[in-house]
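Within every chain, numbering begins at 1; the chains are lettered A, B, ... in the order of the sequence lines, protein sequences first and strands thereafter.
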Amino acid sequence: MKAFLKRAKEHESKINKYTEEYELGRKHLANMMGIHPDEMTQEHINEAIRYLLPSGLFDKGSRPQFKHPKDILPLNFDFPFDKAGRPYHYQYYTLLPNYHCIMSEAAWRMECLREEEVRIGSTGAPPQEEMKHLSEEYEWMDLRTFLNYFKSNHSEVVQVNEHNRFVILMTKLSKMRLREQDVAFLKQFGSPKTSEINVMDTEEIKKFYVNEQGRKFRTKNGYRKSAIAQVTVYAEGEGILEINGKGIEYFESQYAREQVLFPLVLTSSLNKVDVHARVEGGGEMGQSGAIRHGLSNALLPFVSQQMVNKLSLSGLLDRDSRVKERNKPGQKKARKQFQWYELIKACCKFLP
Amino acid sequence: MALCKGKTIYHTLLGIYKQHISTSYFSTNKVLSNMYKDRVPSVQSIEELNALCIDDKPVEKKIRIPAKSEFSSAVTYDPIVQKFINILMRDGKKEKTREIIEQVLENIKMKQIENYHKATTDAEKAMVVTDPLKVFHGAVENCKPLLILKTIVKGGSGYRVPVYCHERRRLRVGINFIIKTCDTRKRKVPLSTVLATEILQAYNNEGNAVGKKHQLHKECEAQRAFAHYRWK
């Protein structure tokens with residue numbers, strides 16, 4: 001109780017101090033811009049700070065900001081208990097009262113529904129209210145929306161396990177026969193699954209350019225490890241293959257050659273298409289992997305939809321993001337560690 | 001300096017050293033994270049692909065695990081042979097092991113052709129299998145064990161308990177049996193000839209590699225009394 005009062009007082013003194021600084025700064029800014037301080041809005045302030053203190057940081061929360069301390073500091077302290085120290089909420093002593101309130105309400109509803117079913121089954125009486133199954137499957141809240149829901153409204157920190165339990169409970173509830181009040185309770189936390197499937201954009205796939213001589217072509221980049229390739233594919237060709245000015249003899253090993261030819265063999269377009277490629281960086285297998293990635297992306301508009309499905313299902317259109325692991329301090333290489341007598345020498349630096 | 005628990009001196013010193021270095025370098029969640037955790041698995045065999053892609057209907061847009069670099073539609077591609085190459089490889093030298101295994105398959109074919117010409121009647125000639133890939137598959141199948149011994153610690157002492165295992169583990173154990181019988185012999189002959197004889201013998205259920213499997217099965221029978229330790 002005393003600790004709570006202390007924290008509340010410190011919070012108030014903090015807010016008072018920061019509001020004074022905020023007001024002072026606001027007047028100075030208004031003076032600089034030439035506007036009356038009463039007519040200045042938050043948008044004016046944001047524009048001014050983006051002009052005066054530009055930053056290239058990706059994280060928008062770490063860029064310089066100028067806001068009223070109410071928006072930045074955590075929520076104000078409402079006393080959740082009376083003078084004697086008795087809390088208002090009946091689940092205050094679980095440290096997450098609102099989360100457990102929701103879960104216990106859902107469990108209570110399940111038990112009521114079960115009793116109804118038992119009563120209907122044993123006696124032949126009709127139900128007291130209308131009960132129906134849900135017609136569609138419901139999708140529940142994401143992890144992120146779930147965490148924000150509790151953090152912004154009630155300033156509670158929920159964990160990932162509790163989100164899993166939440167999802168399991170709600171799916172159990174949704175599979176029983178429900179009354180109208182139960183459906184209204186469930187709609188707060190979920191919505192019916194949309195049967196729309198995210199389909200690949202046909203406009204992006206079918207784009208191509210036309211040459212001066214009237215030939216269609218498409219260029220795409222391919223990446224693998226540290227190799228970068230630029231691949232252009234010309235339609236209505238004979239089967240020419242060119243890599244950095246040479247043919248397929250640019251690669252010496254059989255596996256590198258097979259990798260380059262694989263998307264052409266899958267779509268059976270070896271003699272119908274011309275390929276010109278330019279490669280830099282990496283080693284032999286890395287360069288061939290980069291060409292394969294660029295080739296399969298550049299082939300898409302000149303091939304039927306059935307082959308496009310094949311290329312996407314086999315995983316040729318996605319980039320391989322595996323890269324060599326970095327070395328770490330305190331170890332010899334990425335995973336290899338020192339022998340124990342070398343650790344003694346290193347620890348001697350930290351001794352007093 | 002704080003004391004910390006450890007099984008050996010090495011672990012205690014590691015713990016002491018790591019206290020003074022920022023934990024972001026050593027946090028296992030960041031370093032050992034599976035970067036393909038959220039991706040959908042992709043199809044890795046061409047027969048399945050042909051069976052799935054019949055219509056002109058477009059496919060769902062999802063980020064998939066990319067295809068391996070050995071995956072190709074050539075006639076010589078086989079996933080089990082690739083697994084064998086990866087297990088036999090040492091120090092990251094893949095070209096060397098590929099040459100070894102190409103020699104092995106060639107040797108198998110030469111020996112089977114000899115047997116084909118030695119056989120006199122037509123019935124015997126039909127029994128001889130000349131396809132090296134079929135011989136390879138059959139040999140690996142004959143070396144796979146059904147059960148494996150696993151050490152479970154109960155009451156302070158470790159017991160070896162017979163346990164089921166899935167296909168991937170059985171494949172690996174079977175391939176290890178073949179490789180280890182060939183490495184232990186003192187040989188002045190290249191690895192490819194020794195491997196070829198072992199694989200041919202395993203195809204006919206003879207030899208040391210299959211003998212290791214029979215030995216494992218006998219030990220599992222002997223430890224039959226502890227089989228219930230698998231469930232607590």
- Query: So V59(B) and S312(A), side chain to side chain contact (heavy atoms under 4.5 Å, CB included) or not? Walk me through it.
  - Reply: CA-CA 8 Å; V59(B) 172; S312(A) 70; 4.3 Å; yes

- Item | Contacting moiety of F71(B), where chain A heavy atoms sit under 4.5 Å | both

- More than 12 foreign heavy atoms under 6.0 Å from CZ of R257(A): is that the case here? yes

- OG (S314(A)) and NZ (K68(B)) are apart, to the nearest 0.5 Å, by 14.0 Å

- Task: Would you mind checking which part of R319(A) comes under 4.5 Å of any heavy atom in chain B, side chain (CB onward), backbone (N, CA, C, O), both or neither?
- Result: backbone

- Will you find, in the side chains of Y36(B) and D320(A), an N or O donor that is under 3.5 Å from an N or O acceptor? yes

- Task: Evaluate side chain to side chain contact (heavy atoms under 4.5 Å, CB included) for F262(A) paired with S73(B), printing each intermediate quantity in order.
- Result: CA-CA 6 Å; F262(A) 178 42; S73(B) 57; 3.7 Å; yes

- Item | Largest heavy-atom contact set with chain A, pairs under 4.5 Å, which of A74(B), A67(B), P58(B) | A67(B)

- Query: Has E139(A) got more than 12 heavy atoms of other residues, nucleotides or ligands less than 6.0 Å from its CD?
  - Reply: yes

- Item | Residues K310(A), L52(B); criterion side chain to side chain contact (heavy atoms under 4.5 Å, CB included); working and verdict | CA-CA 8 Å; K310(A) 270 194 196 178; L52(B) 278 174; over 6 Å; no

- Query: Considering all heavy atoms of both residues, which atom of S72(B) and which atom of E258(A) are nearest to each other, and what is their separation?
  - Reply: OG-OE1, 3.1 Å

- Query: Which atoms of E95(B) come close to chain A, meaning under 4.5 Å heavy atom to heavy atom: side chain ones, backbone ones, both, or neither?
  - Reply: side chain

- Task: First locate atom OG of S253(A), then atom CZ of R98(B), and finally report the distance between them rounded to the nearest 0.5 Å.
- Result: 7.0 Å

- Where on I54(B) is there a heavy atom nearer than 4.5 Å to chain A: the side chain, the backbone, both, or neither? backbone

- CG of D56(B) to CE of M307(A): how many Å apart, nearest 0.5 Å? 10.0 Å

- Has E137(A) got more than 12 heavy atoms of other residues, nucleotides or ligands less than 6.0 Å from its CD? no

- So with a 6.0 Å cut-off around NZ of K207(A), is the heavy-atom count from everything else above 12? no

- Atom NZ of K225(A): over 12 foreign heavy atoms under 6.0 Å: no

- Are the side chain of D318(A) and the backbone N or O of I65(B) linked by a donor-acceptor pair below 3.5 Å? no

- Are side-chain N/O atoms of N309(A) and K57(B) paired as donor and acceptor at under 3.5 Å? no

- Please say whether more than 12 non-hydrogen atoms of neighbouring residues, nucleotides or ligands are located less than 6.0 Å from OH in Y116(B). no

- Item | Flag if over 12 foreign heavy atoms under 6.0 Å of CZ, R63(A) | yes

- Task: Under the side chain to side chain contact (heavy atoms under 4.5 Å, CB included) rule, what do C53(B) and L313(A) come out as? Steps first, then yes or no, please.
- Result: CA-CA 9 Å; C53(B) 301; L313(A) 275 181; 3.8 Å; yes

- Query: Got M285(A) and E70(B) here, is their nearest side-chain heavy-atom distance under 4.5 Å?
  - Reply: no

